[in-house]
Structure formats: C-alpha cells, structure tokens
Amino acid sequence: MASASVVDSQLNEVATKVKQYHFPVESIPRLSYDDPEAERLIRNEEPVILTGTNLVASALQWSPEYLSNNIGHGTYTVYSSKNHKFLYYDDKKICKVPTFTPPTTHQDMTFQDFLNKVTEWKEGEPYNYLQQSLNDSVGPQIVQDFAAFNWKWISDERAKNNWGALTSNLLLVGMDGVVTPVHYDEQQNFFAQVHGFKRFLLFDPSMFGCLYPYPVFHPHDRQSQVDFDNPDFDRFPRLRELKGRQAILGPGDVLYLPVYWWHQVESVPGYGMTVSVNFWYKSGPTEKIVYPLKPHQKVAMMRNIEKMITEALNNPEEVPPLLQDMVLGRYT
Ligand SMILES: C[C@@H](CC(=O)O)C(=O)C(=O)O
Ligand SMILES: [Zn+2]
C-alpha cells in the first residue's frame, strides 16, 4: 500500500497524462476529511476529494489478483464493449425505442474468468468492465474487509447531511483505459478509489442545457448524447459553453459526487486496471423550498414534466412535436 506522499506524486504525474478536451476544466478541491471546508462543500452539495477518511483502508489490498484469490466463485456482471466506452442503458426502457441497439453486452462470470479475459486481451478484442453490487456471495476475506470499511465516518456523514438510506455499493473493476461516458445519477455518491487511478470530469447541474441528455423515456436516460471525443457543435451548439471540473483519484481517495452532477469517469490509460467501490445514497427530502430554485431542482422538475407528458400522450413519438409546438416561436 503506497504512502500518501507516493500517491500525491503519482497524482501529479497522472495529471500530466490525462486527455484534454475542447472545454476548460478546473480542479476539484482536495481536502482532508476533517477540514471544515470539506464539510461545508458536502453540506452545500458541491464535489470535493477527501483524503484520510480510511473509508476503504481495509480494501487497499484489493488488487485484481487479491480479489481473484479471495472473492470466491460467485458470478459477477461483466460488461463488454467493442471500444473502451461503456455507455449505460436501462434495458427496461428498450421497449419504448424499438430501433435501439445496446452499445454493450453483459454476462455473468466468475472473477477468475473475468481476469483471464483481461490478461489474455489482444488489441481489437472487446473491452471488459466488471460492475457488480457487492452482495453476500463474496468470500469470507472480502466480507471481513468490507466490514472493516469506515462505516462510522460515512454513516455520520449521511446523518449530518440528512441523506436517505445506503442503496448499494457497486464494485467496479476496469481494464486499463475504460471510460464511463458523461451522465448524471439521481443519488448522492461517495466514490472510493481502491486500486489504480481514475479521472473524473464533472459538470454542475446548471450545465444541463450544454450536455443534451437523451429523453427520459429513452434507454440512455440520464446519459448525454454528446461524445467528448467527437463533439458535434452543429447538432449541440451549446457544447461550446461547457465548463468542467476535474478530479483525479488515487488509492484511498474518496470523491463526494453530488446528486445530479454530470460526470465522465476514465480509468487513466497506461496506469493499469482499476478497482473502485461506490456508496450510493438516496438523496434527502427537500427541507424547505427556497426560491430561486437550484439547478438540480429544475432538472428534477424537467424530468417530472417529461415523464408526465410521455405518460399522458401514451406514445413517445408524440412527445417531440408537442414540446416543439409548446416552445418554438413562443418561448424561443
Ligand atoms: C459507475 C461509475 C463510473 C465508473 O467508475 O466507471 C459511476 O458513474 C458512478 O459511480 O456514479
Ligand atoms: Zn455515475
């Protein structure tokens, strides 16, 4: 397990290697977990990298090899993609878009089979990304490591910020260079980096108009239609206004990723496989409506309006003309 100073020097090196895109990025603050400023940012639903939480200190030994030797012989969901991008889709919504073709496939396999696929991988073959909620199928050593997470710290954070229940811990084991393209989630997230380095690109909820998410009824709901590697400024002109934030995480780092914040997550190419564990929490109730509404509240409102219109029309194809009739030439 690398010391904090080794991780810091590696982070500086990684920062020089990550891909630059068309938009400017500013760094997310990197603060000790007990810094009052860190607490203020979390309270204010702004992202912050936390050091020293020891949230997953017991998992810093979770190299892919350690996991292969200790996770047991249960099966785990492994996604495969023809390229390094893993664009999420909700298979329950495919029925709404008959022409939809899933960009990835997935199958359940043992961790050992997954690791064999990765070690035997050759250029041109599909990329693989293990993404599985941690459950009781893991071996006793992993259970012991999981139980030793700093649950007191994270439970105190949940209570202090009045969040809802922990919904899941996703174990993420990625090949070198895999990317989860830009999207937002509807849960609060403490994202713990365990092995290897990940670069997050973050965009605050007010950037909704620059990131052109798929319609809510689409299988790619919550995902941006934009491809940062091939930005289509004709189709998505407000992409030019995009301003991003960046967080580079090394082993032991925890990123507070606020609900509705857009993020793209990259396993930094050339730094090997990555292992992460996220902690998704239901967001808390809105204590009191304060005007003007915050951008993420407007996103939630837009989602509800889209859902209501789609349901009322009972035909996704009628949604675009109705919304255009409502807006074009009247509000534009
Ligand atoms: C799955 C993860 C992305 C990644 O680590 O590839 C993510 O989007 C999240 O934790 O909200
Ligand atoms: Zn996410």
Side-chain angles (χ1 to χ4, degrees), residues 14 18-19 28 45 47-50 55-56 59 62 64 67 76-81 83-90 103-104 106 114 118 127-134 149 154 163 166-205 207-208 211 213-214 219-224 226 228 244-269 271-283 296 299 303:
V14 169
V18 291
K19 181 169 184 179
I28 297 288
E45 297 192 284
V48 56
I49 303 168
L50 302 169
L55 177 60
V56 294
W62 285 11
L67 288 171
Y76 297 87
T77 304
V78 175
Y79 292 84
S80 291
S81 171
N83 59 36
H84 62 295
K85 295 179 184 177
F86 289 78
L87 181 59
Y88 171 79
Y89 68 91
D90 180 348
T104 61
H106 56 85
F114 161 67
V118 174
Y127 288 74
N128 290 299
Y129 201 167
L130 184 149
Q131 301 190 8
Q132 168 75 50
S133 291
L134 278 171
F149 284 177
I154 202 167
W163 292 353
L166 173 71
T167 57
S168 63
N169 294 101
L170 198 60
L171 172 66
L172 297 147
V173 186
M175 283 176 65
D176 183 298
V178 295
V179 171
T180 297
V182 57
H183 68 282
Y184 67 87
D185 299 307
E186 294 180 275
Q187 299 196 72
Q188 302 286 7
N189 187 351
F190 274 121
F191 187 97
Q193 188 56 13
V194 169
H195 180 87
F197 292 86
K198 275 186 171 176
R199 189 269 287 272
F200 278 69
L201 290 164
L202 300 168
F203 307 89
D204 81 59
M207 293 279 164
F208 182 99
L211 284 165
Y214 284 88
H220 285 323
D221 173 26
R222 296 183 293 105
Q223 319 299 305
S224 169
V226 169
F228 285 160
R245 310 285 298 277
Q246 176 171 277
I248 297 175
L249 303 184
D253 289 341
V254 173
L255 171 68
Y256 166 52
L257 175 53
V259 62
Y260 289 113
W261 271 68
W262 295 86
H263 48 290
Q264 173 155 308
V265 190
E266 305 172 352
S267 292
V268 182
Y271 283 83
M273 289 182 75
T274 55
V275 178
S276 317
V277 177
N278 76 11
F279 295 70
W280 266 320
Y281 286 88
K282 285 192 183 309
S283 202
H296 77 271
V299 172
R303 289 185 61 82

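Every value quoted in this text rests on a predicted model; they were computed, and no experiment measured them. Both counts, for ligands and for their atoms, begin at 1 and track the order of listing.
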What's the spacing between S81 OG and Y127 OH if we round to 0.5 Å?
->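 S81 atom OG to Y127 atom OH measures 9.0 Å (nearest 0.5 Å).
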
Using side-chain hydrogen bond (donor to acceptor under 3.5 Å, both in side chains) as the criterion, point out the one residue from H84, R199, K198 that pairs with E266.
->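 When side-chain hydrogen bond (donor to acceptor under 3.5 Å, both in side chains) is applied between E266 and each of H84, R199, K198, only R199 qualifies.
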
Check whether the ring centres of Y271 and F197 lie less than 6.0 Å apart, and answer yes or no.
->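 Y271 vs F197: aromatic centres under 6.0 Å.
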
Check: F149 ring centroid to F190 ring centroid under 6.0 Å |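 Between F190 and F149, which both carry aromatic rings, the centre distance is not below 6.0 Å.
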
Verdict with supporting geometry, Q246 and V18, side-chain contact (heavy atoms from CB on, under 4.5 Å) = CA-CA 10 Å; Q246 176 171 277; V18 291; 3.9 Å; yes

Do the charged groups of R303 and E186 touch, with an N to O distance under 4.0 Å?
->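 Between E186 and R303 there is a salt bridge, with a charged N closer than 4.0 Å to a carboxylate O.
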
Using side chain to side chain contact (heavy atoms under 4.5 Å, CB included) as the criterion, point out the one residue from F191, Y256, F200, W261 that pairs with P47.
->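 So the option named by the test is W261.
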
Work out how many protein N, O or S atoms lie closer to the Zn ion (ligand 2) than 2.8 Å.
->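 The number of such protein atoms is 3.
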
Name the residues with a heavy atom less than 4.0 Å from ligand 1?
->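 Under the 4.0 Å cut-off, ligand 1 touches Y129, L172, T180, H183, D185, N189, F191, K198, H263, V265, N278, W280.
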
Passes ring-ring contact (aromatic ring centres under 6.0 Å, His included), F86 versus Y129? Steps please.
-> CA-CA 8 Å; F86 289 78; Y129 201 167; 5.4 Å; yes

Would you sort out whether F279 and W163 count as a ring-ring contact (aromatic ring centres under 6.0 Å, His included), showing the intermediate values?
-> CA-CA 12 Å; F279 295 70; W163 292 353; over 10 Å; no

